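Heads up: the structure comes next, in structure tokens.
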Amino acid sequence: MLRSVILITVAFLTTARPSLARQGSSAAPSPGFPVPGMAEYSVQLGLDRAGHIQSLLIFHHADQIQSLDVCSEEPVPREDKVGTLAVTDYNFDGFPDLALQVAANRNKNDKFCIWLFDPQARRYVASPELSGLTNARPDPKTRTVYSFTNMDCLYCYEKKNYAWKDGRLELARVETMTVDPLTGPGSGACNFVLSIQEPQNGRLKLVSSERVNSSGVRCIARD
């Protein structure tokens with residue numbers, strides 16, 4: 001099923017051990033959790049009195065260099081997956097970015113606060129574009145970022161692919177799978193419609209639409 005696409009492997013900082021200073025260096029050990037791929041950087045959760053996350057504290061060796069406020073209106077509780085901190089490269093520049101899960105619902109439509117690492121400033125910068133997406137995930141093979149929204153009907157979803165251009169996200173493709181209005185939800189094998197839209201001249205244009213089964217496989221018409 002296509003909805004399994006959203007489950008990718010990421011390195012969870014909350015399971016990492018505190019990093020040590022580089023061998024041969026007199027610098028004090030870095031506090032918090034190390035950022036994979038950048039041994040001199042570490043992250044610590046900034047908590048309020050209730051134990052909720054209100055910021056991320058960024059350290060370079062033992063020195064705190066940033067305090068990143070969460071993008072949500074309220075501090076983030078640490079419940080199940082919510083409050084989990086992960087690293088992955090969202091803009092394919094080779095540097096690890098940060099993603100803090102701030103919301104989840106029964107349809108597995110998760111929200112994240114996302115910060116991109118700026119290699120020139122050597123700082124993390126908030127990305128409102130990425131933080132506004134549902135189930136934001138990078139796809140290194142296509143060098144695109146996609147959002148994936150599970151709809152109320154079983155197997156129905158909307159997937160949007162975005163490409164980076166001049167440091168901003170541009171919509172490149174929209175894929176939706178919905179119940180075929182001619183057959184209704186029913187129990188048949190070909191009760192869904194898979195539609196693909198792509199931007200052309202500033203507007204989304206339907207480029208394909210076909211009946212599929214619940215796995216997204218095209219149904220072969222019979223005489």
Side-chain angles (χ1 to χ4, degrees), residues 1-11 37 71-72 81 84-105 107-121 124-181 190-219:
M1 295 186 301
L2 285 176
R3 71 173 51 205
S4 64
V5 172
I6 66 173
L7 302 177
I8 67 173
T9 302
V10 292
C71 63
S72 55
K81 295 187 301 179
T84 298
L85 182 62
V87 294
T88 189
D89 187 0
Y90 280 96
N91 56 356
F92 318 108
D93 63 354
F95 292 93
D97 306 313
L98 303 177
L100 176 71
Q101 183 165 340
V102 296
N105 63 25
N107 285 339
K108 298 183 179 180
N109 290 326
D110 301 335
K111 291 285 189 177
F112 300 84
C113 293
I114 298 175
W115 297 267
L116 300 176
F117 186 75
D118 183 339
Q120 293 184 340
Y124 279 97
V125 180
S127 175
E129 286 184 298
L130 289 169
S131 300
L133 301 181
T134 301
N135 288 319
R137 296 290 190 271
D139 185 351
K141 292 183 179 180
T142 61
R143 296 181 69 84
T144 61
V145 176
Y146 66 87
S147 67
F148 194 98
T149 304
N150 293 299
M151 299 180 181
D152 287 336
C153 66
L154 187 62
Y155 306 116
C156 297
Y157 66 87
E158 178 183 70
K159 180 181 178 182
K160 294 182 177 180
N161 284 75
Y162 298 84
W164 288 103
K165 184 176 182 180
D166 299 326
R168 299 192 63 84
L169 291 175
E170 286 194 355
L171 184 62
R173 187 175 187 267
V174 179
E175 175 182 316
T176 57
M177 191 160 93
T178 57
V179 173
D180 188 338
C190 293
N191 293 337
F192 300 90
V193 175
L194 182 65
S195 301
I196 307 295
Q197 299 178 82
E198 295 179 354
Q200 295 183 15
N201 299 321
R203 295 184 178 182
L204 283 175
K205 181 178 179 180
L206 183 66
V207 295
S208 68
S209 180
E210 55 189 4
R211 291 184 63 186
V212 297
N213 63 20
S214 60
S215 297
V217 179
R218 181 182 180 184
C219 297

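None of the values given here were measured: they were computed from a predicted structure.
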Is a side-chain N or O of [X] found less than 3.5 angstrom from the main chain of [Y], in a donor-acceptor match?
X    : Y    : result
S131 : I114 : yes
D139 : T144 : no
N135 : K108 : yes
K111 : G132 : yes
R173 : N161 : no
D93  : F95  : yes

To the closest 0.5 Å, what do you measure between [atom1] ([X]) and [atom2] ([Y])?
X    : Y    : atom1 : atom2 : value
M151 : N109 : CE    : CG    : 9.5 Å
K81  : Q101 : NZ    : CD    : 5.0 Å
T176 : Q197 : OG1   : CD    : 6.0 Å
S127 : L98  : OG    : CG    : 12.0 Å

Residue pair L133, K160: steps toward the side-chain contact (heavy atoms from CB on, under 4.5 Å) verdict: CA-CA 9 Å; L133 301 181; K160 294 182 177 180; over 6 Å; no
For T178, all residues meeting side-chain hydrogen bond (donor to acceptor under 3.5 Å, both in side chains), sequence neighbours excluded: none
Pairing residues for R143 by the side-chain hydrogen bond (donor to acceptor under 3.5 Å, both in side chains) criterion, not counting sequence neighbours: none
K159 side chain to S147 side chain, donor-acceptor N/O pair below 3.5 angstrom: no
Candidate list L130, V125, D89, test side-chain contact (heavy atoms from CB on, under 4.5 Å), partner D97, passing option: D89
Steps toward side-chain contact (heavy atoms from CB on, under 4.5 Å) verdict (S195, L206): CA-CA 7 Å; S195 301; L206 183 66; 4.0 Å; yes
For the residue pair [X] and [Y], what are the closest heavy atoms and their distance?
X    : Y    : value
M177 : L194 : CB-CD1, 4.2 Å
C219 : N213 : SG-N, 3.7 Å
V193 : S209 : CG1-OG, 3.3 Å
F112 : C71  : O-SG, 4.1 Å
Y90  : P138 : CE2-CD, 3.8 Å
D110 : A104 : OD1-CB, 3.3 Å

Parallel, tilted or perpendicular: rings of F117 and Y124 (30°, 60°): perpendicular
Stepwise side-chain contact (heavy atoms from CB on, under 4.5 Å) check, D180 with F192: CA-CA 5 Å; D180 188 338; F192 300 90; 5.8 Å; no
Verdict with supporting geometry, W164 and L169, side-chain contact (heavy atoms from CB on, under 4.5 Å): CA-CA 5 Å; W164 288 103; L169 291 175; 3.4 Å; yes
